[in-house]
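Report on one structure; see the data block that follows.
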Amino acid sequence: MTRETRFGALAADARWQKAWEAANSFATTDSADKPKAYILEMFPYPSGRIHMGHVRNYAMGDVLARFKRMTGHDVLHPMGWDAFGMPAENAAMEKGVHPGNWTRDNIASMRAQLKRLGLAIDWSRELATCEPDYYGQEQALFLDLFAAGLVTRKHSYVNWDPVDMTVLANEQVIDGRGWRSGALVEKKKLSQWFLKITDFADELLEGLGSLDNWPDKVRLMQENWIGKSQGLEFSFRMAGGAPGFDVFTTRPDTLYGASFAAISPDHPLAERLAKDSPELATFIEECRRQGTAAEQIDTAEKMGFDTGLSVEHPLDPNWHLPVWVVNYVLMDYGTGAIFGCPAHDQRDLDFAHKYGLPVHRVIADGDETAQHFTGTEAYTGPGKLVNSHFLDGMTIDEAKTAIIARAEHEEWGKGTTVWRLRDWGVSRQRYWGTPIPFVHCPACGMVPVPKAQLPVVLPEDADFSVPGNPLDRHPTWKHVACPGCGGEAVRETDTLDTFVDSSWYFLRFASAPSDKPFDPEVIRRWLPVDQYIGGIEHAILHLLYARFWTRALNKLGMIDIREPFASLFTQGMVTHETYSRSQGEGLPPLFFTPDEISRNADGATLESDGAPVDVGRVIKMSKSKKNVVDPDAILDQYGADAARWFMLSDSPPERDLPWSEAGIEGAWRFVQRLWRLFGDTENMGDGAEDKGLSRKLHQAIAGVAADVESLGFNKAVAKIHALANDIEKAKPSATRAEACRTLILLVAPMMPHLAEEAWAALPPSQRTTAMVADAAWPIADPALLIDDEVTIAIQMAGKLRDTMTLPKGLDKDAVEAAALARPRIAELLGGAAPKKVIVVPDRLVNIVP
RNA sequence: GCGGACGUGGCGAAAUCGGUAGACGCAGCAGACUUAAAAUCUGCCAUCCUCUGGGUAUGCGGGUUCAAGUCCCGCCGUCCGCACCA
């Protein structure tokens, strides 16, 4: 058979994907004599089609998984589906399809798309969270957490659409209104299920210190999210001495700057007072006409209601502070009440200005110590205490210590720690999620469903014709006998937050017995995940919840590990230019897809009319901006290897990757160029060695390995390009033929189909295995990694003036002498002795004249 | 509002420890091959000047150092997350 002059990607992709499947190449072997490598990419939500972000994510993980196989590891590289969630219910409402059918159809088409990428995945471990064999085990774990006291019920607020009579997600609240009804959203208090993540606040914070292979920014974000703060909790007495309420502050040092006390609209005192004050009741109503998202609360106009009551200042009973109900004080944080110190807190200052409350400086801003504070910016910097009686002259920290000591001595308060982290509300008033395995019995109360009766399966018949939770109005499903007394009872109709599903799936991938969530022995072998890869958008919630579940299961004695992900990598987004035309003032621009556009160096035109369009900024691919490129079309045109190669080229993986037509074409050309080069594996010339090329080859073997290992794919790509250039330029030799063969192995993790095709074309005597999928990574010869000559820069006063090539490893004196002997340097020195000479061996000489 | 990051040629970037800024790729320009096109190959490609050399350049302004893209201080710009989107 003669070798094709062009690489036929489409046929090769299909051929090798079939061959790997037939050989079961990527099944995990569970052979204990090899080191294990658990490579995991965040599993996708089955939205219907894969997008370029998925391609990038899975290409990266796949390169690492294949590389680990080549370096002798037993690799676990699984795939599954985060299959519960809101879009399925939306589809049910809009298109009349059942969420289950919609989801399973999506999974089937996305699985087919992913397989076209040629991923080295053990598909026998595939799971979907919407299937009872998964969520039933999740219900079992939920009952275990309940038994361990980590599940509670509490009241909390949800977004309520008063027209549709349904709970809304934050995402469904647009400018304070329900996305379908357009009604103003209200906050509504519901009794809900919570997981007690706050029990683990301290260890989740401490544990961050052990995560050396996590990005610093993610650790910092989690640290701030958990938000440990030390402060003072104390009680205000009402003016006259009646018991008042507790407040918490992180700035007890500013107590002499207090000018009011403020409580949350949800504070019990506010609710009690509202019973006798229609005005206050109206005000509280107004505060509740607002979503629950933090951003909305923080950016809302400051509003307050003067209750007319006063409290005594704890340091001076004769000093009375007015009590206000205030919209920016949260019931969830601290005690739901604060004292306001406008001079040194921006929110308090805005509030004080609006309502004409006094503003007293108690921290000196440099020389500025005047008690009357002017300006619109609160002073939050360091400084000495002023206008604060016994605290005057102290630093902020000293004053904090002094106040806390006095409060504890006088018994009106105590030093305490509070957390920003709140317990995790897992109740969702929705159909398409894991049913919470509890029954409400009029006689026995809240009763857990016995494990023997699990799974509590979602009913297939559900009515989506009206908004709201179909489980709640289901005619039969919710009515059951109480597991305790056998009397009439009703099921819990809330389902679990989908973040619960993704908090333990990495365990189920490793071990999925039918009668329990996982086998601890098998978990011991595989966990933690060695490399986890996913989007930065999961930096806090998903990653914190998964850490919490791992620690909770550890506490229950079910697993040994405390942290699920030994190493974390957060990848950037795939972006693209936008194409649009203005539709006139006040109207949104009309966007066009890349398919409708001809792009050239100067700009872009619309193919249908040949007239120009505006080329907009490079932003994240999104349907609304139409700057989306469909992976399937790219695979049809260029094949999997070119797509994978482009995804790994140029941009560092943690940064955004701008997709471009020119870029994928460049990747395609390189695939073809390699194919031609791989055809040269038998051209030995006269059979001689090529020492220089040999060095470059071995440096590339070591360099590409190091780059892949550290996920520096763009750097590995650059090194492969450079090596290909060097091989092409080299004269035929035994070394060059060997380099061509070795290059097949170096590109194999990234371009597996091309590598298999080229490998198969080698004479059998020249390959170690039948398939590249089973081949080993080449071994770099340490002797060839070091050059014997180095180019040394010669600077004068820090500016480059000359370079010289010297044997590597020369001592400082010899290098200095060589530099000073250079004619150019001698000329510039003009015979004068240099003032100072700095020599960095094998790098540079800096002469200070 | 709070929290986090990022900023280097026309573009994506590299520079791993404070030590020759711009490797590698994309786009572009010139040439070779070709009846022609595609494909392929070769060369050029930060910027300015008085051009065998020299100056200026890593968002802007300062600082430390023999030496700063890298360290410190202050700005500006862009992006991401904010607990019921996944």
Side-chain angles (χ1 to χ4, degrees), chain A residues 5-6 42 44-45 47 82 84-87 156 158-159 167-173 192 197 215-218 220-221 223-225 227 291-300 328 332 346-347 350 420-430 497-499 502 535-542 544-545 572-573 600-601 617-620 649-652 654-658 660 662-663 665-667 669-670 672-673 676 706-707 710 712 714-715 717-722 724-725 728 791-803 835-838 840 843-848:
Chain A
T5 52
R6 284 177 76 74
M42 291 179 185
Y45 177 77
S47 56
D82 189 11
F84 276 136
M86 239 175 16
S156 74
V158 292
N159 299 308
V167 178
L168 297 178
N170 283 339
E171 191 188 54
Q172 298 171 310
V173 179
Q192 309 209 69
I197 190 171
D216 288 343
K217 63 174 168 182
V218 175
L220 191 57
M221 284 160 89
E223 186 182 324
N224 289 331
W225 185 261
T292 58
E295 187 192 355
Q296 285 180 310
I297 294 165
D298 288 347
T299 53
Y328 65 86
D332 292 325
Q346 191 60 47
R347 289 170 309 173
D350 295 343
R420 210 185 75 97
L421 183 68
R422 308 199 297 258
D423 275 335
W424 173 13
V426 293
S427 281
R428 297 293 181 272
Q429 293 70 41
R430 277 195 262 283
D497 180 5
T498 55
F499 274 124
S502 53
I536 184 69
E537 67 273 18
H538 293 294
I540 296 173
L541 295 180
H542 161 59
L544 191 63
Y545 293 149
M573 295 177 302
N600 57 43
R617 296 190 6 198
V618 179
I619 55 171
K620 179 180 182 173
S649 305
D650 291 355
S651 287
E654 69 279 10
R655 239 184 269 178
D656 289 351
L657 171 73
S660 72
E665 276 170 9
R669 283 198 300 269
F670 188 63
Q672 295 301 339
R673 200 173 137 206
R676 289 191 296 273
D707 287 338
S710 64
N714 57 322
K715 292 189 253 177
V717 163
K719 287 191 174 91
I720 287 170
H721 264 288
N725 290 344
E728 278 178 348
T791 304
I792 292 179
I794 307 174
Q795 298 179 337
M796 289 189 74
K799 295 209 180 287
L800 183 69
R801 286 292 178 259
D802 199 3
T803 59
K835 202 180 287 171
K836 192 174 177 184
V837 179
I838 290 129
V840 183
R843 281 205 174 263
L844 63 62
V845 180
N846 190 11
I847 299 163
V848 185

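Quick caveat, the model's predicted, so the values are computed rather than measured.
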side-chain N/O A:Asn170 vs B:rC82 OP1/OP2, d < 4.0 Å: no
Consecutive Watson-Crick or G-U pairs in runs of at least 3, all under 3.5 Å, in which RNA chain B is involved: B:1-7 with B:76-82, B:10-12 with B:24-26, B:28-32 with B:40-44, B:46-49 with B:53-56, B:59-63 with B:71-75
Whether A:Asn159 side chain and A:Leu168 backbone form a donor-acceptor pair below 3.5 Å: yes
Separation of A:Thr299 OG1 from A:Tyr328 OH (nearest 0.5 Å): 15.0 Å
B:rC17: syn or anti, per glycosidic angle within 90° of 0: syn
Heavy-atom donor-acceptor pair, A:Ser651 side chain to A:Asp656 backbone, under 3.5 Å: yes
C1'-based separation of B:rC71 from B:rG22 [nearest Å]: 22 Å
Interatomic distance at P, B:rC41 relative to B:rG59, whole Å: 35 Å
P-based separation of B:rG12 from B:rA21 [nearest Å]: 23 Å
Residues forming a side chain to side chain contact (heavy atoms under 4.5 Å, CB included) with A:Arg669, sequence neighbours excluded: A:Glu665
Nearest-nucleotide comparison on RNA chain B, the residue closer to the 5′ end among A:Val848 and A:Pro658: A:Pro658
Value rounded to 0.5 Å, distance of CG in A:Leu657 from CE in A:Met573: 11.0 Å
Heavy atoms of other groups near A:Arg420 CZ, more than 12 under 6.0 Å: yes
Whole-Å distance separating the CG atom of A:Asn224 from the C1' atom of B:rC82: 12 Å
B:rC51, syn or anti by chi within 90 degrees of zero: syn
Separation of the P atoms in B:rG7 and B:rA13, to the nearest angstrom: 9 Å
Closest-nucleotide ordering on RNA chain B, the 5'-leading residue of A:Asp298 and A:Val840: A:Asp298
Whole-angstrom distance between B:rG28 and B:rC80, as gauged at atom P: 30 Å
Under-4.0 Å side-chain N/O to phosphate OP1/OP2 contact, A:Thr498 with B:rA86: yes
Syn or anti conformation of B:rG81, syn meaning chi within 90° of 0: anti
Show me the protein contacts with nucleotides 77-79 of chain B, counting only N or O atoms at under 3.5 Å.
{"unit_1": "B:rC79", "atom_1": "OP1", "unit_2": "A:Arg617", "atom_2": "NH2", "d": "3.1"}

Rounded P spacing from B:rG10 to B:rU65 in Å: 34 Å
Sub-4.5 Å side-chain heavy-atom contact between A:Arg428 and A:Met86: no
Where do N or O atoms of nucleotides 20-25 of chain B meet protein N or O atoms at under 3.5 Å, pair by pair?
{"unit_1": "B:rU20", "atom_1": "O4", "unit_2": "A:Thr791", "atom_2": "O", "d": "3.1"}
{"unit_1": "B:rG25", "atom_1": "OP1", "unit_2": "A:Asn725", "atom_2": "ND2", "d": "3.2"}

Results of side chain to side chain contact (heavy atoms under 4.5 Å, CB included) for A:Asp332 - residues two or more places apart only: A:Arg422
Spacing of A:Leu421 atom CG relative to B:rA83 atom C1', expressed in whole Å: 9 Å
Atom-to-atom span, NZ of A:Lys217 to C1' of B:rC82 - whole angstrom: 16 Å
Pairing residues for A:His542 by the side chain to side chain contact (heavy atoms under 4.5 Å, CB included) criterion, not counting sequence neighbours: A:Met42, A:Phe499, A:Ser502, A:Tyr505, A:Tyr532, A:His538, A:Ala546
OP1 or OP2 of B:rC84 under 4.0 Å from side-chain N/O of A:Arg428: yes
Verdict with supporting geometry, A:Arg655 and A:Asn714, side chain to side chain donor-acceptor pair (under 3.5 Å): CA-CA 11 Å; A:Arg655 239 184 269 178; A:Asn714 57 322; over 6 Å; no
Donor-acceptor side-chain pairing of A:Asn725 and A:Arg673 below 3.5 angstrom: yes
Side-chain donor or acceptor of A:Asp707 paired with backbone N/O of A:Gly712 under 3.5 Å: no
